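What you see is a predicted model, and the numbers here were worked out from it, not measured in a lab.
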Amino acid sequence: MGGMAGSARPRGHLRIYLGAAPGVGKTYKMLGEAQRRHERGTDVVVGFVETHGRSHTAEMLEGLEVVPRKILDHRGASFTEMDLDAILTRRPQVVLVDELAHTNVPGSRNNKRWEDIDDLLSAGIDVISTVNIQHLESINDVVEKITGVPQRETVPDRVVRAADQIELVDMTPEALRRRMAHGNVYTADKVDAALGNYFRVGNLSALRELALLWLADRVDAGLQQYREQHDIDSTWEARERVVVALTGGPEGETLIRRAARIAARSSGGDLLAVHVTRSDGLTGVDPARLAQQRRLIESIGGTYHQVVGDDIPAALLSFARAENATQLVIGASRRTWLGSLLTGPGIGFTSIQESGDIDVHIVTHSEVGRGRLPRLTGGNLSKRRLIYGFALAVLLPPLLALLLGLGGDTLNLTSNVLAFLLAVVVVALVGGLWPAILMAIAGTLVLNYFFTPPVGTFTIAELNNALALGIFVAVAALVSSVVDRAARRTRQAARAAAESETLATLSGTVLRGETALPALLERVREAFGMTGACLMERIDDDEMSETWRPLAGAGTPTCRRPEDGDAEIPGREDLVLVLQGRQLAADERRLVGAFAAHAAALVDRTRLSEAAAEAKPLAEADKLRTALLRAVGHDLRSPLASAKASVTSLRSSDVDWTPAEREELLETADESLDRLSRLVDNLLDLSRLQAGVLPVFTRPTALDEIMPGVLAELGESARQLTVEVSEDLPLVDVDPALLERVVANLLANAIRHSPPGQAPLLTGSSLGDVVEIRVIDRGPGIPREDRDRVFAPFQRLGDTDNTTGVGLGLALARGLAEAMHGTLQPEDTPGGGLTMVVSMPAATTRQAEAPVPGRLERGTLEQLRLEQSQAEQSRLEGDR
């Protein structure tokens, strides 16, 4: 159960009881839930519960395990706080922590109690807590205006929103005041003051509404997330959302006020205004009037949006469905009867037909029927083709009349009508609907005047001629309509192909594992023709003053907030993709949303990679530490045991040691402590090397300057060495102490592996500005595939015992050589064996001419050995 340490748990769940005011029963409800879970066998403990002297609340604690509080002293007074460490040690399944917004006494692990709760959740412990609505940061100032009482203890909204369950503890103002009057909340001496100030009916009603609205927003956010996860496009009328369509015309203010009244009928209803801009830019909108309508919608608590789309009804309904709108408000058409006749059903009629479960309101206004005739545009054709079509419609009729007139009586009316019909088809193919209609009208007049009896007048004498001209006009209109539709389908197919190619490119980046966020944003900018693209992250969840920071950008982004861009697409709750350059079409937002989601995933992947990279050195250090503990155990214990045994024997009063035996014991302890000292020095130097903090002080140094220290380090085994060093060997720019360690470690390794009777050889030579020191042995050598591994710490190739050390010698030697800007490389010895080559930079001429502190006169190895033997003999005589 809770007191036993188990395997790592997943993050715990947080349940919060939210109340509108003190005394509504949050703590009582929390304890009731704890009692129910305790009866079911759940391991529940009370981390911190404040009863405020309420007897009914205190009774609910019976039977529950209470973790003793921690006592802290602050400014001469003692305070009790929740003992977080004790709860983490106890590790229950569920812990009760009252008063989420509480500020801890200085000296606690965390400053705020919600931070303590986060630690508990991270440990896999479920937490049940309580908080009042007035403690939320986003509405703290609103509560102060209502009640006149400032709240000094607050909790970020994101902490409460992140809870897995939020349960509202609700109570009417009258019921709460009755509880207070009965003494169930405060003591009798405080009741009158509380009822007359903070707990007035108006204050409690306002706080209750704030709590309900805040929780409704949180529930709505969860509902939207659920709909997105399950790809639900249909409207769920859980909350009224009214969308008003603005054209920028004079009727806009009337529509906004009408839509606001519709939204006000439902408490908490949302009002959204949307303006659809055509992709060709031919909107005919007054920008100043549209800006005025935007200010109006924002002044009454609504939001303004703008999308791009050639099919206005489809764009409106697509936006409404994306926002889960329940009602759509559209103004009655301003077109005249002639405009309606020429262009067919209007936006309102089409929206009603395609709205599905969205209610559509057609609002009349003073501008109905006062609009202009529809613009003669080419629909889905380009401006250039429209111009060419009108030019042909003007030039072809007289040209055809001239050419057909040259044929005289050889051509009849049927042939002439077919020729003009061909011209209409050509104009329709080039310019679309309106140029073809103009060509048809002009062609009809030319045919009637020049080729239909009686010629030279607009009178038609025969019925079949009138029928032929009528059919000619109908065919011209049908052909132009087919061309216009074909152009629209072509544009849609091109857009679909472009979207498919863009999504394929995006999928390719995912499959290839590309992680460059700026490159992804550059693709977004190029694909949608934007001047700038920026991914922004919210770093402050305070809803009253959101703070954003850019994570990456492409092009020339200048936005500091998402509102500064022309389009903002959320990647997730705290990441927004902001685009600048133009408004996005309604069907483009879905495609950009894929890029935004991928960018959010890319940010998460990058941060996880960075966290993994930061953890890798720690893992390597832990691996090294583990290897160290495994490797040095025997090597540390052996010299310690020998020294301990020698000293213990000397101190023993049971044995009368002779001087020779005493000297032998002292020598054994001394040698053991020397071994231990060398091992510790190697370990410390290796750790300094790996940490990059080993101090290196280079100066011009001669090889014979380091040899006394090397011989002293090797002791008696130095008598097995042979040294052949040129007299004119240049000085090297090294740290003498470190080079001494390098050479001593290499010689000790060579002596250990050399066969009897074949002493290792130390030579020195120079080549250019490099001096090479070679340590040559005739031992078994090292296979080429193992030469890199031999320099790793704690490697003893071929060793089967621990008497030869922990394998730090070569690793330390190479590290020290590289720290002095040199190298250490192994080579094969001709005839068998191993040669270790230490390459060091030679001292410059100026360095070599400078005085060398402590430099010895060059001498032979025998002289150095003699000096060492004399020093040892003097020390022994002094000891006697």
Side-chain angles (χ1 to χ4, degrees), residues 678 681-682 685 689 694-751 759-777 809-810 812-827 829 835-872 874:
R678 288 193 297 271
D681 287 343
N682 285 343
D685 287 342
L689 278 172
L694 182 69
V696 179
F697 306 100
T698 61
R699 62 176 176 82
T701 305
L703 182 59
D704 56 6
E705 181 182 343
I706 68 170
M707 289 307 299
V710 172
L711 295 175
E713 178 77 16
L714 296 177
E716 287 296 325
S717 61
R719 298 182 182 278
Q720 305 176 31
L721 296 177
T722 301
V723 178
E724 297 178 1
V725 179
S726 174
E727 289 287 336
D728 58 351
L729 190 68
L731 305 180
V732 289
D733 186 25
V734 297
D735 186 320
L738 298 186
L739 183 59
E740 179 183 309
R741 299 284 303 281
V742 172
V743 175
N745 281 333
L746 294 178
L747 287 173
N749 188 70
I751 291 171
L761 175 63
L762 174 68
T763 66
S765 61
S766 64
L767 179 62
D769 57 353
V770 175
V771 175
E772 292 185 346
I773 302 171
R774 294 176 177 266
V775 178
I776 306 169
D777 67 60
L810 293 180
L812 181 61
R814 170 172 277 187
L816 294 176
E818 293 176 349
M820 295 182 289
H821 307 289
T823 60
L824 172 59
Q825 295 295 336
E827 295 180 356
T829 301
T835 298
M836 288 291 185
V837 183
V838 182
S839 300
M840 289 293 165
T844 62
T845 303
R846 180 177 300 177
Q847 290 175 326
E849 292 176 352
V852 181
R855 178 173 180 179
L856 301 177
E857 295 295 330
R858 292 187 181 274
T860 62
L861 179 62
E862 288 73 16
Q863 291 174 326
L864 294 173
R865 286 173 176 163
L866 179 60
E867 293 174 1
Q868 182 187 21
S869 299
Q870 291 174 349
E872 292 178 354
S874 299

Show the nearest heavy-atom pair for residues Asp704 and Pro708, with the distance to one decimal. O-CD, 3.4 Å

Asn745 side chain to Arg741 backbone, donor-acceptor under 3.5 Å: yes

Leu746 versus Ala813, closest heavy-atom pair with distance: CD2-CB, 4.2 Å

Looking at every non-hydrogen atom in both residues, tell me the closest pair between Thr829 and Asp777 and how far apart they are. OG1-O, 3.4 Å

Taking all non-hydrogen atoms of both residues into account, name the closest pair between Ala744 and Val710 and its distance. CA-CG1, 4.1 Å

Using modelled atom types and a 3.5 Å cut-off, is there a donor and acceptor pairing between side-chain atoms of Arg814 and backbone atoms of Leu824? yes

Only counting residues at least two apart or in another chain, list the ones meeting side-chain hydrogen bond (donor to acceptor under 3.5 Å, both in side chains) with Glu724. none

Met820 and Asp735 have their tightest heavy-atom pair at SD-N, 3.3 Å

Report yes if the side chains of Ile751 and Leu721 come closer than 4.5 Å at any heavy-atom pair, otherwise no. yes

Output the distance between atom CD1 (Ile776) and atom CE (Met836), rounded to the nearest 0.5 Å. 12.5 Å

With Ser839 as reference, evaluate Val771, Leu767, Val770 under the side-chain contact (heavy atoms from CB on, under 4.5 Å) test and give the passing residue. Val770

Side-chain heavy atoms of Thr698 within contact of His821, under 4.5 Å: no

Quick one: pull up CG in Leu747 and CE in Met707 and give me the separation to the nearest 0.5 Å. 6.5 Å

Just do the side-chain contact (heavy atoms from CB on, under 4.5 Å) check on Thr701 and Ile706 with the steps written out, would you? CA-CA 8 Å; Thr701 305; Ile706 68 170; 4.1 Å; yes

Supply the atom-to-atom distance Thr823 OG1 to Glu772 CD, rounded to the nearest 0.5 angstrom. 7.5 Å

